[in-house]
Amino acid sequence: MRSSRELESLSSMAPPELNDYERRRLENIRRNDEMIAALKLHSKAASLLSKRPSVIAKSEKKLKTETTPVVIRRSLRTRGIQPDSKGLEPKQRNQNSIPNKSKAKSLTSTLIHPSMAPQKLNEYERQRLENIRRNDEKMAALKLHSKASFLSKRPSVTTKSYVVKPEKKPKSETQVVIRCSLRTKGIPPDCKGLHHTSPAKTKGSAKTLGPLPMSDAYTGDDDSDRPFIESIVSMAKKEAQEGELDGRDELRSSFEIGSMDLDPKNIARVVSGKITAMRFFPSISVKMIVAGSELGNLGFWNLGDDEGRVHLYHPHPSPISGILVHPYCLSKIYTSCYDWFIRLMDAEKEIFDMVYSSDEGIYCLHQPKNEANCLYFGEGRGGLTVWDNRMGKCSSSWVLHESRINTIDFKCGSPHILATSSSDGTACTWDLRYANADKVTALKTLTHKNAVHSAYFSPSGCRLATSLDDTIGIYGGTNLEDAVSVYHYNQPGRWLPTFRATWGWDDSYLFIGNMKRGVDVFSTSERKVVTTFTTFRNPPIIRIPCLDAHPNEDGMLAGGTSGGQVYIWTSS
């Protein structure tokens, strides 16, 4: 084998016609030889040959028999073409190019072994053949062929894989109840009931859009509401025949505010949940009150019932926002809720009829005394809608405020004057005689810092407004120019109904709940709270946000709590 010095001398003897590519290749060969010398591969190969000559000889014989013919690459260089040539067209070939395939085949066969190389090969080609021969000797010395064949015949070793199987869960002993729907039984969706094997009928569907029978909406403790319906119908017919409904506004009696007291028998839980609306029946012979809750329940309580029974219905799916008893037919009661409905409870027909359905919430409901067939209600964001029962549709609609309307009230003696309170911080008066189809202008606008939750006319025409800015505003005069503002803490909290001041039976007193679980009595003449109604319970009852004064019984005041109870103070 030639040393690196000999290779350097050979490289120096390279013909001048070698290009840069060939010179770099020779330099690479020289560096490879230096690396092999540094690893002492030649000495190791020689020691192996000296120790085991017989084995090497056998391996050499085997290699000779198994050696495949060496195929010499037909490069551009062997054809006599320069490395930077772009093609093999006949015009670019020189005189040393191979003329035909037979000559190329003979040249390939002569280059199979270095000793058979032709004399015309240059120094570079001879050195290349010498490198091929030396590489074969190194492979034979390291027995690479035999080791490769041994490894190829060695059986493959498979490793065991461990798969973690999940533990089997014990089967549940409880039976799976499969729902038996109408569809699986082959019954059309509009079928009114199941077969005789179906479960018992549930009472009252709060999401029914059409008429709702009172028997389906009844959720009271009694098995039937028949006695209650008969009592309301008989009461309405009696007062209509005797003419008591026409003359009840003139019935008034003098009383002292200090004589009002709370009798323990005048306390009852009428509904479950917070009371959001409450109204006395405008009857002289029967003392009955109806209350609506945040759950959509409607409870009736007759104070004259010795057993203290309460009749409960569920006609609405959301908090009840307004209750109206028909002024000339006590067996008809209108109710509205936050979720789009206005219903009419007709005790004679025993049904909760659907009067109006909206796409927006209904937050208040009112009816003027001289228009028994018209309903006024606050709808959506500041809208006021008028519903005419005779036509069965809305007759008028205006947008009066920037936010929802909380209360609606008509001035006594002037049914065309309307007062509204809104969550936009204003309370306004309107004259509906000057309203057109699209717009109505406010007569007076009263501004507060926060939302105004009530605005009611007094029996003589004076009006009050309560607000979350901790004041009670009282306005009087021809154009409400005389204003009095009195401090009153009106922050019941986020989850409780707001306090709404209510007029009594004349212009002397106002009633409003307080944070001390009582009812403050405000004197308009003294402009201060003169007394507070409390209970005999210790600790006191919860707060009383809803109040209503009996329209025909002076000195009878009802207070609805956030727990569903009703307390009634009477004058002794």
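Asp424 places a side-chain N or O within donor-acceptor distance of the main-chain N or O of Glu402, the cut-off being under 3.5 Å. The backbone N or O of Ala455 sits less than 3.5 Å from a side-chain atom of Thr407, completing a donor-acceptor pair. A distance-only check finds a donor-acceptor pair linking the side chain of Trp398 to the backbone of Asn436 [under 3.5 Å]. Arg269 contributes a side-chain N or O that, together with a main-chain N or O of Gly563, makes up a donor-acceptor pair within less than 3.5 Å. No donor-acceptor distance shorter than 3.5 angstrom exists from the side chain of Thr335 to the backbone of Ile323, with no hydrogens or angles considered. Distance alone, capped at 3.5 Å, places no donor-acceptor pair between the Thr426 side chain and the Thr445 backbone. A distance-only check finds no donor-acceptor pair linking the side chain of Asn135 to the backbone of Lys138 [under 3.5 Å].
Ion pairing between Glu137 and Arg133 holds under the 4.0 Å rule for side-chain N and carboxylate O.
Annotation: cation-pi pair Arg343/Phe341 present, NZ/CZ under 6.0 Å from the ring centroid and within 45° of its normal. Both tests pass for Arg404 against the ring of Tyr338: distance under 6.0 Å to the centre and angle within 45° of the axis.
Counting non-hydrogen atoms of neighbouring residues, nucleotides and ligands closer than 6.0 angstrom, the NZ atom of Lys444 exceeds 12 such neighbours.
Contact between Leu295 and His314 at its shortest, heavy atoms only, is O-CE1, 2.9 Å. Residues Ile408 and Ile405 come closest through the heavy atom pair CG1-CG2, 4.0 Å. Across Ser336 and Ile362, no two heavy atoms sit closer than the pair CB-CG2, 3.9 Å. For Ile320 against Asn297, the heavy-atom pair with the smallest separation is CD1-O, 3.2 Å. The nearest pair of heavy atoms linking Tyr376 to Val386 is CE2-CG2, 3.3 Å. Listed here is the closest heavy atom pair of Val440 and Trp430: O-CZ3, 3.5 Å.
For the atom pair CD1 of Ile351 and CG of Leu212, the computed distance is 7.5 Å after rounding to the nearest 0.5 Å. Between Arg517 atom CZ and Thr561 atom OG1 the span is 11.0 Å, to the nearest 0.5 Å. To the nearest 0.5 Å, atom CG of residue Leu121 and atom CD of residue Gln127 are 13.0 Å apart.
Ring centers of Phe377 and Tyr356: under 6.0 Å apart, within the cut-off.
Taking the six-membered ring where the residue is Trp, Phe499 and His488 present perpendicular rings, their angle passing 60° and hence far from 30°.
Looking only at atom types and distance, the side chain of Arg31 has a donor-acceptor partner in the side chain of Asn28 under 3.5 Å away.
Looking at heavy atoms from C-beta onward, Ser423 lies in side-chain contact with Asn406 at the 4.5 angstrom threshold. Residues Leu365 and Ile342 meet the side-chain proximity criterion, which asks for heavy atoms closer than 4.5 Å.
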*Decide yes or no on side chain to side chain donor-acceptor pair (under 3.5 Å) for Glu379 and Ser358, but give the supporting numbers first.*
CA-CA 8 Å; Glu379 180 182 10; Ser358 173; 2.3 Å; yes

_Evaluate Ser421 against His453 for side chain to side chain donor-acceptor pair (under 3.5 Å), listing each step before the verdict._
CA-CA 6 Å; Ser421 65; His453 290 285; over 6 Å; no

